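Just below is one structure, and these are the notes that go with it.
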Amino acid sequence: MTISAESSTVEVAASSNFIRNIVQEDLASGKHSTIVTRFPPEPNGYLHIGHAKSICLNFGLARDFGGCCHLRFDDTNPAKEEKEYIDSIKGSVKWLGFDWGEHLYHASDYFEQLYLWAEGLIRQGNAYVDDLTAEEMRAYRGTLTEPGKESPFRDRSVEENLELFHRMRSGEFPDGSRVLRARIDMASPNMNLRDPVMYRIVHEPHPHTGATWCVYPMYDYAHGQSDSIEGVTHSICTLEFEDHRPLYDWFLDRIGAYHPRQYEFARLNLTYTVMSKRKLLQLVREGDVTGWDDPRMPTLDGLRRRGYTPQSIRNFCEQIGVGRNDSWIEMSILEESVRADLNVAAPRAMAVLRPLRLIVENYPEELAEEFTAPNHPQRPELGERSIPFCRELYIEQDDFQEIPVKGFKRLSPGSEVRLRYAFIIRCSGVEKDASGVITAVRCSYDRDTQAGGPEAGRKVKGVIHWVSARHGVPAQVRLYDRLITVPNPAGDEWKSLLNPDSVELLPDAVIEPALASAQPEERFQFERQGYFCADLRESTPGRPVFNRTVTLRDSRAK
RNA sequence: UGGGGUGUAGCCAAGCGGUAAGGCAACGGACUCUGACUCCGUCAUCCCUAGGUUCAAAUCCUAGCACCCCAGCCA
């Protein structure tokens with residue numbers, strides 16, 4: 001089967017949101033003739049679905065309004081940042097379907113300019129070198145309701161500050177011994193304005209600038225200027241940076257630089273998972289998952305291995321909207337977005353996850369025949385495949401009940417059911433081992449019931465899937481479930497709420513032959529069960545490994 | 001009890017003074033060789049609360065209440 005597993009559903013139309021409205025107004029009023037946005041990740045972890053929201057917003061705005069969107073690494077802290085993260089971030093943005101073209105930047109590209117500006121601030125008397133220790137500084141900062149105290153080093157001369165700052169840069173001082181601070185207001189009700197640190201000493205190699213620097217600007221000192229340098233028109237970030245805005249403006253005013261306008265939106269929270277890079281890193285480090293790209297992770301690489309399509313994630317981001325309310329999006333919206341996409345895109349196939357032998361008593365031992373089945377019942381253009389049939393088959397354990405519960409629509413003693421794309425069968429009995437466990441189900445088939453046959457239209461209560469025992473191929477299949485057991489994991493106890501059954505390995509799954517040659521990342525609907533994706537890293541044609549992306553909806557009462 | 005934000009259905013979310021879009025979830029029903037898909041229908045007399053302005057308020061005003069963010073040499 002060589003059907004493309006690429007998604008083919010239509011992109012969900014961009015919906016109105018307050019930022020989109022502002023952009024529209026700015027363009028209409030002539031405030032801007034074109035827009036520049038940017039996605040500014042710190043390379044200290046892998047991107048997750050929350051970043052996708054920001055990527056879709058920023059790149060989507062640029063795309064829809066003919067502007068451009070930069071990819072800028074806010075790489076101001078070499079202690080936490082790595083090349084591996086830079087590479088994975090670029091890969092994820094591309095995979096999601098966005099292109100920064102020539103516009104790849106790093107905050108570290110601006111370090112020299114930032115340093116020069118810092119000297120300027122010192123000359124103006126707006127910055128000073130402080131020798132306080134971190135603990136002392138915290139004590140001096142005051143509290144939310146009490147003003148802070150000024151540092152005894154706050155009134156050093158310009159000359160002394162300049163000299164000290166040069167010596168910080170030249171590597172004369174150890175980490176933590178001194179910082180450069182903005183001289184603003186230790187009594188400000190906005191904590192960000194109580195003489196924030198601008199530079200700290202970090203003797204550590206930087207993934208982008210190597211050993212060039214040993215003083216690094218703080219995010220707050222670098223971010224606004226970076227946007228300014230790049231001519232960003234709409235600087236979009238999350239809510240927690242709202243009260244940093246006055247600080248960015250303070251720096252930009254004193255430097256005399258262009259002010260991008262900043263707009264904040266609420267970050268994404270998804271139920272039954274965790275979303276911060278800190279927590280995701282913890283899961284990776286503590287071995288709760290196999291890595292950043294574990295299919296249970298809400299990272300883009302994890303979702304990709306799980307089988308999510310870029311389109312489904314983009315659609316999800318459109319559907320959830322962009323607002324300023326703290327909110328928790330239900331996982332069902334994400335799941336529904338991938339079902340909608342894959343329902344159209346994914347070829348169907350049959351796979352038996354937990355096999356139960358089915359013996360067709362009146363089918364000749366030596367005989368085997370092939371049925372043709374459409375790869376997609378609603379899309380004949382996706383072609384068809386043949387499925388071998390013989391006397392001994394596998395069906396799903398769940399599809400047989402010796403004593404059927406009320407409303408059971410599948411197989412039970414004496415009842416009739418259709419084998420998908422084959423015959424109608426009637427159950428004639430079961431085989432059990434010494435301990436009473438059912439080892440096989442016996443049945444008879446009616447040849448007249450195959451497609452085109454005189455009895456083809458006979459109504460039966462259900463249809464079940466199957467795989468020929470003789471022709472079926474063993475495969476590794478993994479069933480994934482939610483990472484966290486509660487919808488809104490908050491606080492520090494989230495680690496104790498991990499779902500112990502977030503992955504189930506099925507050792508005996510059997511797939512129809514057409515599935516055996518699946519290429520990594522090829523996606524299928526296993527009929528009646530869900531959408532599955534051949535694992536990007538571990539599946540090879542001939543030795544397939546399938547990850548369950550999501551189950552099919554199931555209207556049966558659970 | 002400082003500053004900054006947010007309150008529209010179970011979960012998101014439009015709405016910007018003219019009488020509550022849409023999606024997800026849920027619940028009925030039709031169709032069905034996937035208990036899938038698709039289709040059709042139901043789902044806020046009401047917009048955190050209380051007052052007020054107005055012919056008219058989710059939208060304006062006043063006073064409350066609830067929740068979120070800020071005291072890293074993280075971003």
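Labels below follow one simple rule: chain letters A, B, ... track the order of the sequence lines, proteins then strands, and each chain is numbered from 1. No experiment lies behind these values; they were computed from the predicted model shown.
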Nearest-Å distance for atom pair [atom1]/[atom2], residues [X] and [N]:
X	N	atom1	atom2	value
A:Tyr263	B:U6	OH	P	15 Å
A:Asn375	B:U34	CG	C1'	15 Å
A:Met191	B:A75	CE	P	18 Å
A:Trp328	B:C67	CH2	P	17 Å
A:Leu334	B:C11	CG	C1'	13 Å
A:Arg556	B:U34	CZ	P	13 Å
A:Asn269	B:C11	CG	P	14 Å

Minimum heavy-atom separation for A:Trp328 to A:Leu270, with atom names?
CZ3-O, 3.4 Å
When every non-hydrogen atom of A:Glu369 is compared with those of A:Phe423, the smallest separation belongs to OE2-CZ, 3.6 Å
Looking only at side-chain N and O atoms, does [X] come under 4.0 Å of OP1 or OP2 in [N]?
X	N	result
A:Arg200	B:C74	yes
A:Arg553	B:C37	yes
A:Asn325	B:G5	no
A:Arg339	B:C24	no
A:Lys409	B:U34	no
A:Ser16	B:G15	yes
A:Arg420	B:C33	no

Under-3.5 Å donor-acceptor pair between [X] side chain and [N] base:
X	N	result
A:Arg245	B:G4	no
A:Asp243	B:G3	yes
A:Gln529	B:U34	no

Check the side chains of A:Glu42 and A:Tyr219 for a donor-acceptor pair under 3.5 angstrom, ignoring hydrogens and angles.
no
With a 3.5 Å limit on both atom pairs, tell me what B:G2 is paired to, counting Watson-Crick and G-U wobble, or say none.
B:C70
Give one of base, sugar-phosphate or nothing for [X], where a contact means two heavy atoms less than 4.0 Å apart.
X	value
A:Glu42	sugar-phosphate
A:Ser188	nothing
A:Thr145	base

May I ask you to check whether over 12 heavy atoms, not counting those of A:Arg267, lie within 6.0 Å of atom CZ?
no
Around atom CG of A:Asn488, are there more than 12 heavy atoms from other residues, nucleotides or ligands closer than 6.0 Å?
yes
Glycosidic conformation of B:G72, taking syn as within 90° of 0 and anti otherwise
syn
Step through it carefully: locate the ring centre of A:Phe251, locate the ring centre of A:Tyr221, and say whether they are under 6.0 Å apart.
yes
Choose from B:C24, B:A71, B:G3 the nucleotide whose nearest atom is closest to any side-chain atom of A:Thr143.
B:A71
Among B:G35, B:A71, B:C74, the one nearest A:Leu144 by side-chain distance
B:A71
